[in-house]
Each structure stands twice: as structure tokens, then as C-alpha cells.
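For reference, the structure discussed in these notes is given below.
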Amino acid sequence: MTVPNNLISGLIKEEEFAEVPENLVLMAHDVYKIYQTGEIETVALRGVSFQIFQGEIVAVVGPSGSGKTTLVNLLGGTLRPSAGQVYWSNIKQDIAKLDDRTITNARRGFIGFVFQVDNLLHHLTAQQNVELSARIAGLPKTWREKRSTELLEAVGLKHRTKHIPAKLSGGERQRVAIASALMNNPALILADEPTGDLDLINAEEILDLFKELNEQYGTAFLIVTHSQLIASKARRTLELRDGIISGTHDAGVHLKQLERTRVLEVDNQDRLPLPENILRELGHPRRFQVQVDEGRIVLTPSIIEDAVAVEVRLVTCRICGKLVASNRVTCPNCGTAL
Ligand SMILES: Nc1ncnc2c1ncn2[C@@H]1O[C@H](COP(=O)(O)OP(=O)(O)O)[C@@H](O)[C@H]1O
Ligand SMILES: [Mg+2]
């Protein structure tokens, strides 16, 4: 699948959104997010670009603090980027500049959220929770009942429709949350560590369910995860590190051996993130010489720094006898000129 060149490089103009591929669901383009807390600025995302296509399952992995939750909230329009664009295919627009109300209306029926901590209303039954978003949207009761029954059946909770969340297990609550996210038949489900609180068996069930829903409804999924299980079901995995996409992987990723399948992508600003493990292995060099060798780019840690470094020895101060670096003009101990 190729994306027109004008979408890959440079800022996208509104009229060019008309040219995006038919099956594109969502696109982030050079997205930055800076949080301001009093005097302190945290750059959570520093230029993230990627696309999600219809029916794709995309996993996002990365250490804590790498910007995963920020990314999910930006894509879902509950947070605004500091710079960059978030394109939603349903309205064929960059949502970053739309007002909250327009975004909320556009989100309904386009994006469903599944959070790590379930956000079910404790006084409503499973079925009422599932129906809630459609009720808010003003959809007719008969339609709501039919759809929520069908979804609760799809997530294997036909026998639990009248239970309140307190009477359901963690896995069951998560399934209610998934059914809720699907109520308005979204093109995309955004899930932030959906199985984080669950044991392995539940996690596996939830994943099979995602896969089934993906096949049945053609829903695309973007799932933030630390779970090998989830990642193994993804068609693509994005690695986040310090707010940038530091690598991508095709299907069949192993989270403990990311270096085996990692593909580096030059971003819109011609930046290429170097894998942390390789830098560590080389002793964290900061400068490289770059050569092209038969179509390969060869990076050699630069030795220029060593060549220009001033040789520093230790000498003894003739007055106080302290050992002093030879590049000092005066002795830091007694002030004698060296
Ligand atoms: N509301 C916020 N205000 C200030 N800093 C934040 C806020 N949310 C997240 N951050 C910071 O942004 C960075 C990315 O956070 P987050 O997106 O939650 O990462 P992850 O989900 O990968 O753990 C972290 O350094 C975090 O401390
Ligand atoms: Mg997070």
C-alpha cells in the first residue's frame, strides 16, 4: 500500500487530504506534544507520523513514559497536539484545529476507546453500559437494544446482560468495555494497555475477541501493549522511544527480541533514530562519519574528538605539592602560577 508522496513529506495542505487513499482510516503527521506544568515543559511526542488503514491491527510498544498514552489521546481527539496534524478519514479533515464539540460529534461512530482502567458506570447493568454512547447520541431504543444484545453476545456475555459491574469479573468488565466501544460501529478502536490488569488467560480471550471483531466488523485496532500475545496478533508494531517512532515491525514480532525484526524509518524530517542497544554496544558514541558503500550507509564512530582533545596530564604544584591538571594556569589549592 503506498501513500502519495505529498503526504509523506512536508506539511499537508487541507485540499490535499482529498487525495488520501480510500482505505486510510487515520493519519498522524509530524505530531508534537509538549505538556506545560508550571515552569516545567515535558516534550512527550517529538514528530510522530504514521497511518492506520481499514481493518488493520497495529500494536504500539515502548517503555513507560515514551509517549504511548499521549499518542492514543491525540489520535482520539481528547488531547490536542502542540504541532502537527491528526487526520480523520470520516470527516476528511485535520482535527487539531476543530473545536471540542465538532470533534466529539465526529468521534461518535468513528473511534471507540478501551482504557486500561475500565470506565463503566457502576450503577448501570452491562447492557445499559454498552448502550450508553448510543443513548447519548439519541439513537432509538429498539435499535440500541438489538445492537447491544448482539455485541454482548459477540463478546460472550449473553448471560450477563443484567449484571452490574461489581458482579462481573475483571475480564468480563473488560469485555463490556469492548462491547461499549463497538456500540456505534467505529472504524477504529483505540486501546491503551487493555489487558494490563488481567491474567494471562483473560488476556488471551480478549485478544481472540479483538481478532474476531476485526474479522467480523472490519474494525481497525491500535493497541498499546506490553503483551507478547497482543503484539503477535498485530499486523504491524510501532516502537515508541522518548516520543519518537524508533522502529517498526511487520507481523511476527517478539517483544524480547525487537532488534531481530526492527526496521528503521527515516521520518518526514530526514531523521533516522539509532537503536539504543547498538549505541550502548558501541559505548554511546555521539558523532559518526557517514559513507555510502555500494548502496549501504556506513556509520563509523568519529575519532575526530580524540584527535583534537587537549592532552591533560597531572603535574605537582612546586609550592604546595598538590597534583594539578597540566592545563590549569594557577594551582586551585594555593593559587601559585603554574
Ligand atoms: N498531563 C500531563 N502533564 C505533564 N506531563 C505529562 C502528562 N501526561 C504525560 N506526561 C509526561 O509525558 C511523557 C509521556 O507520558 P505518557 O504518554 O503517559 O507515556 P506512556 O503512556 O508511554 O507511559 C512522560 O514523561 C510523562 O511524565
Ligand atoms: Mg501509558
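Just so you know, ligand 1 is whichever comes first in the structure, and atom 1 is the first atom listed for that ligand.
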If you measure every N/O of Ala44 against every N/O of ligand 1, is any gap under 3.5 Å?
-> no
Using distance alone, determine whether Thr42 and ligand 1 share an N or O pair under 3.5 Å.
-> no
Value for NZ (Lys167) from NE2 (His122), rounded to nearest 0.5 Å, stands at 13.0 Å
Using heavy-atom distances, let me know which of Asp242, Asp192, Thr70, Leu74 sits nearest atom 15 (O) of ligand 1.
-> Thr70
Leu26 backbone acceptor or donor facing Ser89 side chain under 3.5 Å = no
Between the candidates Asn73, Ile40, Thr69, which shows the shortest non-hydrogen contact distance to atom 18 (O) of ligand 1?
-> Thr69
When distances are taken from atom 2 (C) of ligand 1, the protein heavy atom at minimum range is Tyr35 CD2, 3.4 Å
For Trp88 and Leu75, indicate whether the former's side chain and the latter's backbone hold a donor-acceptor pair under 3.5 Å.
-> yes
When distances are taken from atom 22 (O) of ligand 1, the protein heavy atom at minimum range is Lys68 NZ, 2.8 Å
Min heavy-atom dist Gly243 to ligand 1 below 4.0 Å | no
Heavy-atom protein contact below 4.0 Å for atom 26 (C) of ligand 1 | no
Charged N to carboxylate O below 4.0 Å: is that the case for Arg107 and Asp100?
-> no
If you have a sec, work out which protein heavy atom is nearest atom 19 (O) of ligand 1 and how many Å separate them, to one decimal?
-> Gly67 N, 3.2 Å
Under 4.0 angstrom from ligand 1, any heavy atom of Gly65?
-> yes
Side-chain (Glu193) to main-chain (Val224) donor-acceptor, under 3.5 angstrom | no
Any donor-acceptor pair under 3.5 Å from Arg262 side chain to Thr248 backbone = no
List every atom of ligand 1 that sits less than 4.0 Å from any heavy atom of Pro63, numbering the atoms from 1 in the order shown and giving each element.
-> 22 (O)
Return yes if some donor-acceptor pair links the side-chain N/O of Thr102 with the main-chain N/O of Leu98 below 3.5 Å, else return no.
-> no
Confirm or rule out an N/O/S atom of Thr70, from backbone or side chain, lying less than 2.8 Å from the Mg ion (ligand 2).
-> no
CD of Gln36: more than 12 outside heavy atoms within 6.0 angstrom?
-> yes
